[in-house]
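Down below is the structure, laid out as structure tokens.
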Amino acid sequence: MNKTIEELHELLKDGKITSQELIQESLEKSHRLQEKCNAFVTILDDAKETEITDDLLSGIPYGIKDNYSTKGILTTGSSNTLKDYIPVFDATAVKNLKTHGAVAVNKTALDEFGMGCTGTTAHTGAIKNPWDTTRICAGSSSGSAAAVAAGVYPYALGSDTGDSIRKPAAFCGIVGYKPTYGMISRYGLFPFASSLDHCGVLTRSVKDAAIVVDAMKGLDEHDLTTWDSSNIHLYDKIDGKVSGKKLFYIKEIVDVTNYPNATNELKRHLEIFHETIGKFKDIGVTISEVSMDKDLLRTIPSVYTCISNAEATSNMSNLTGIIFGDRKDDKNVFEMMKKHRTEGFSPLIKRRFVIGSYVLQKENQERYFLNAGRARRLIVDKIKEFFQEYDALILPVASGVAPYLDGSKDELATNDLTILEEHLQIGNFGGFPSITIPDGFINGLPVGINITGNCYDDENVLNIAYALESVMPYKNQIVGGDKHE
């Protein structure tokens, strides 16, 4: 399954392959990858082919992150609290894909309820990186990233509250795209932090990302944050013509002198970033360095922690074991709920709920939650100020390659690398369209680069990413293929 959606569609239309053959290949690869990387919660061995039409997605298999509601199919959010939950409705994004003839073949594993960045808190066990199974994929869309990188299918659904599509994409050498907030309905997506949550996709090419999001997006009466994107045509508007575009990067994030203990890996990653900047200049794009208050940048992870955990505490208050989920036996309803939440959630989730409850307490709201909202606004306003002059922001993803599974912890970063590791959260603060694409290899492992633009400017962001992808040799790469160091 190392072909693009366009290539697969042509093969299907010409009768050179059948949808059922593609599905069978995808299922076989799913089982092999499950043994290697533990990427799935459910594999749908009874998946059926669909009619091949002029729709590019018809008959092509894909994966669904297991925090998207799927009618009649186990949907756990990778949590013990919902280990037997079978929804009675499809998420709007899934329903939209069905109308385009897409075929779901598995539900991918994730950090519990999407609240993690390592892929190690799924109730089915840690998810391993297919490039090196001793390393993480990042989270929370870990299983989706692993499956797409391993060639199980050309795309899988993800969700992104802080960087949960874009960082796994970088660590797995693929494309990860979250569109402008509200372009894709969140109805049927398990809510984590409602003001930050984005639906999106992981693919192996920018065009594939455009094709899939075109099919997923649209107004939805069930999600009042959606907006009319019918005049936005991501796939049709990709032409690679970017001469005259103006991009910027933030000096304080990519200046190696800001990292006094920089490892050789970090130094090489920043070198690769600047080499890529040079490729952009070769195709007529202007790249400028801007400066941003470092103290404001340092607030990013704490702002994210306050807001996301507060919203999660509220959103997850319905997980009592009474309405649905694993109901516990006890002497009264309060003890039942206490046992359900104590025994069902991982330590990470419970820690986040404690933080969220604390910052929402009346005596703490002003100091923590409301101040976090003010800092968020300052950050977003500053980035929007840059967008008045520039088309997009370009930055490296993280400080290097995927960390090792052993010793990986989901904790608030507090070292020199905090800004470099957490800056993708800016895209969620402002609801900005943001895409990660492969940017090379360090010691045989992939690293990524991210492009973020202003709200509703998705066509421009994807076209810029496509132009850059076109001058680099990483399009549609899969694990085990040729690596271009």
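Shown here are the salt bridge (charged side-chain N to carboxylate O under 4.0 Å, His left out) partners of E366, two or more places apart in sequence or in another chain: R374.
Inter-residue side-chain proximity for V206 and I435 is flagged as met; some heavy-atom pair is nearer than 4.5 Å. Counting heavy atoms from C-beta on, the side chains of R135 and L445 come closer than 4.5 Å.
A ring-centre distance under 6.0 Å is found for Y456 and W227. Taking the six-membered ring for Trp, F89 and Y187 have ring centres closer than 6.0 Å. Ring pair F432/F387: centre-to-centre distance below 6.0 Å. Taking the six-membered ring wherever Trp is involved, the centroid distance between the rings of Y153 and Y62 does not fall below 6.0 Å.
Note that NE2 of H423 is 10.5 Å distant from CD1 of I383, once rounded to the nearest 0.5 Å. Taking OG1 of T81 as the start and CG of L319 as the end, the distance is 5.5 Å to the nearest 0.5 Å. One finds the CG atom of L57 at 11.0 Å from the CG atom of N96 (value rounded to the nearest 0.5 Å). With values rounded to the nearest 0.5 angstrom, I174 atom CD1 is found 14.0 Å from Y155 atom OH. The distance from the CG atom of L110 to the OG1 atom of T121 is 7.5 Å, given to the nearest 0.5 Å. Atoms SG and CD1, from C172 and I478 in turn, are 13.5 Å apart once rounded to the nearest 0.5 Å.
In this structure, a donor-acceptor pair under 3.5 Å is present between the side chains of N364 and Q361.
Judged purely by atom type and a 3.5 angstrom limit, E289 has no side-chain atom pairing as donor or acceptor with the backbone of F248. Using modelled atom types, one side-chain atom of R166 and one backbone atom of G162 make a donor-acceptor pair closer than 3.5 Å.
Remark: K237 fails to qualify as a cation-pi partner of Y235 under the 6.0 Å distance and 45° angle criteria applied to the six-membered ring.
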Problem - CA sep, side-chain torsions, deciding dist, call: D239, Y466, side-chain contact (heavy atoms from CB on, under 4.5 Å) - result: CA-CA 8 Å; D239 59 15; Y466 173 77; over 6 Å; no
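The aromatic rings of W131 and F441 lie perpendicular to each other, with more than 60° between the two planes, well past the 30° mark.
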